[in-house]
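See below for the structure under consideration.
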Amino acid sequence: MDQRQLRRWHYRVGILLAPFLLLQAFSGLVLTYGVFSPVDTALAEEAPEVVRTAWNLLMLRLHYGPGLIGWIYHSVIGVGMIWLVVSGLWIWLDRKRKMRQAKREG
């Protein structure tokens, strides 16, 4: 795979994974620091129990995913992230190598 194709695939995979990564990040932050997280805040205590429970359940399901679908979802995100890191590093190293080479020749 040449540099141009690698960049194109890196871009496409990044765009494809971005909404799912944002969903994971948002739901994780809400579960950790959110108004309706297990950490009681004044606002969370004022909300009805049904709302707190429904919100937490929704965030838990979004973040962890149910059963086989959740396993596939998290596997795709994990493999995709690994691929993005490796391909990004490859692109960066190749670019750095080409810049050094141009400097020596120039």
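Along the sequence shown, the residues carry numbers beginning at 1.
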> Is there a chain of hydrophobic side chains (I, L, V, M, F, W, Y, each step under 4.5 Å between heavy atoms) that links L16 to L6?
Replying inline: no

> Is there a chain of hydrophobic side chains (I, L, V, M, F, W, Y, each step under 4.5 Å between heavy atoms) that links L62 to F20?
Replying inline: yes

>> Side-chain heavy atoms nearer than 4.5 Å, only ILVMFWY residues, links allowed to pass through others: does that put I91 and Y11 together?
In response: no

> What's the shortest heavy-atom distance between L84 and H10, and which atoms?
Replying inline: O-CE1, 3.1 Å

>> Give me each pair satisfying salt bridge (charged side-chain N to carboxylate O under 4.0 Å, His left out) with a member in residues 72-99, each pair once, sequence neighbours excluded.
In response: D94-R97, D94-K98

> More than 12 foreign heavy atoms under 6.0 Å from CG of L93: is that the case here?
Replying inline: yes

> What side chain to side chain donor-acceptor pair (under 3.5 Å) pairs are there with at least one residue in residues 60-70, not counting sequence neighbours?
Replying inline: S27-H63

> Pairs in or reaching into residues 71-84: which pass side chain to side chain donor-acceptor pair (under 3.5 Å), with residues at least two apart or in two chains?
Replying inline: Q24-Y73, Q24-H74

>> Using the rule that Ile, Leu, Val, Met, Phe, Trp and Tyr join whenever any side-chain heavy atoms are under 4.5 Å apart, tell me whether L17 and L23 fall into a single cluster.
In response: yes

>> Just verifying a value: how many Å separate Q101 CD and R104 CZ, rounded to the nearest 0.5 Å?
In response: 7.0 Å

> Do F26 and I77 belong together in a cluster built from hydrophobic side chains that touch within less than 4.5 Å?
Replying inline: yes

>> Tell me whether the count of non-hydrogen atoms from other residues, nucleotides or ligands lying under 6.0 Å of CZ in R12 goes above 12.
In response: yes

